[in-house]
Amino acid sequence: TGRPVTITSDNPGVATIDASGRVRAVSIGEARIRAVAEGVVGTKVFRVVGEPAIFELRRSSGAVLPLLVASDTVEWNGVKEYHEVYMESGRLRLTGGAQPRYEVDIRYAEYKVTNVNGVRGLVLRRTDRTFDRGIVAYDSRGDLQMTSEYISPLSHTATAVAGGMQVQFRIPGDDQVLDLFYRREPI
């Protein structure tokens with residue numbers, strides 16, 4: 001901390017170093033990344049593969065999924081029922097190439113809540129999803145700026161964090177933002 005570090009790539013056609021010192025894959029291949037701090041040298045070979053990076057949704061605003069996001073009494077086929085809606089799963093898919101792309105998929109399930117002899121139960125009534133996809137650009141810190149190809153103007157941001165990606169997902173149609181954590185699944 002507080003010491004200057006020089007980071008370089010021997011193959012910038014495969015991996016570059018952004019202004020904040022993060023390695024960014026730009027094409028398929030291998031690149032040796034070299035870091036030097038006060039005369040101490042470290043190297044690491046990075047292999048960039050053509051498969052998309054896939055992350056599984058694990059938390060929303062710090063809470064682990066499945067997560068209760070809404071509940072209310074509703075009318076279902078002319079009968080009043082008490083329902084709960086859960087954010088149950090999701091996926092973030094990133095692909096590279098000349099124009100990096102993203103896909104965000106968030107899955108919800110709505111349940112009728114039952115209580116038989118003091119035992120709480122859930123009966124699935126319907127499922128829903130929020131889906132968006134578009135192009136990725138990088139800001140000066142190396143964070144992802146994701147711009148929708150479906151809804152304009154709609155954009156999201158994502159930051160690489162330990163174990164995955166932290167995504168600030170703007171909900172289409174309003175100014176609410178979901179704070180989502182996606183964990184990289186092992187290949």
For R129, which residues count as a salt bridge (charged side-chain N to carboxylate O under 4.0 Å, His left out) partner, sequence neighbours excluded?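 With sequence neighbours excluded, R129 shows a salt bridge (charged side-chain N to carboxylate O under 4.0 Å, His left out) to D105, given in chain and number order.
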
Mind listing the closest non-hydrogen atom pair of [X] and [Y] along with its distance?
X    : Y    : answer
L144 : M165 : CD1-CE, 3.7 Å
S71  : E84  : CB-CG, 3.9 Å
A53  : R184 : CB-NH1, 3.7 Å
S9   : A15  : OG-O, 2.6 Å
A35  : V5   : CB-CG1, 4.3 Å
E56  : G90  : OE1-O, 3.3 Å

State the [atom1]-[atom2] distance between [X] and [Y], to the nearest 0.5 angstrom.
X    : Y    : atom1 : atom2 : result
E149 : R101 : CD    : CZ    : 4.5 Å
R91  : F131 : CZ    : CZ    : 11.5 Å
T127 : E110 : OG1   : CD    : 10.0 Å
E88  : L65  : CD    : CG    : 8.5 Å
L57  : R183 : CG    : CZ    : 13.0 Å
I171 : L154 : CD1   : CG    : 10.0 Å

Do the side chain of [X] and the main chain of [Y] share a donor and acceptor less than 3.5 angstrom apart?
X    : Y    : result
T114 : G121 : yes
Y102 : S148 : yes
H83  : D72  : no

Within a reach of under 6.0 Å around CZ of R58, are more than 12 heavy atoms found that belong to other residues, nucleotides or ligands?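 Yes, because the 6.0 Å sphere around CZ of R58 holds more than 12 heavy atoms from other groups.
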
Do F181 and V104 belong together in a cluster built from hydrophobic side chains that touch within less than 4.5 Å?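 Not linked; separate clusters.
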
Distance-only side-chain donor-acceptor flag, D179 / Q166, under 3.5 Å: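 D179 vs Q166: donor-acceptor pair found between side chains.
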
Do NZ/NE/NH1/NH2 and the carboxylate oxygens of E30 and R47 come within less than 4.0 Å?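 The answer is yes: the pair qualifies as a salt bridge.
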
For Y111 and Y86, take the angle between the two ring planes, folded into 0 to 90°, and tell me which bin it lands in: parallel under 30, tilted 30 to 60, perpendicular over 60.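 Taking Y86 first and then Y111, their aromatic rings stand perpendicular (interplane angle over 60°).
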
Hey, which of T8, V41, T43, I7 is the one that makes side-chain contact (heavy atoms from CB on, under 4.5 Å) with V36?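 Output: one option passes, namely V41.
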
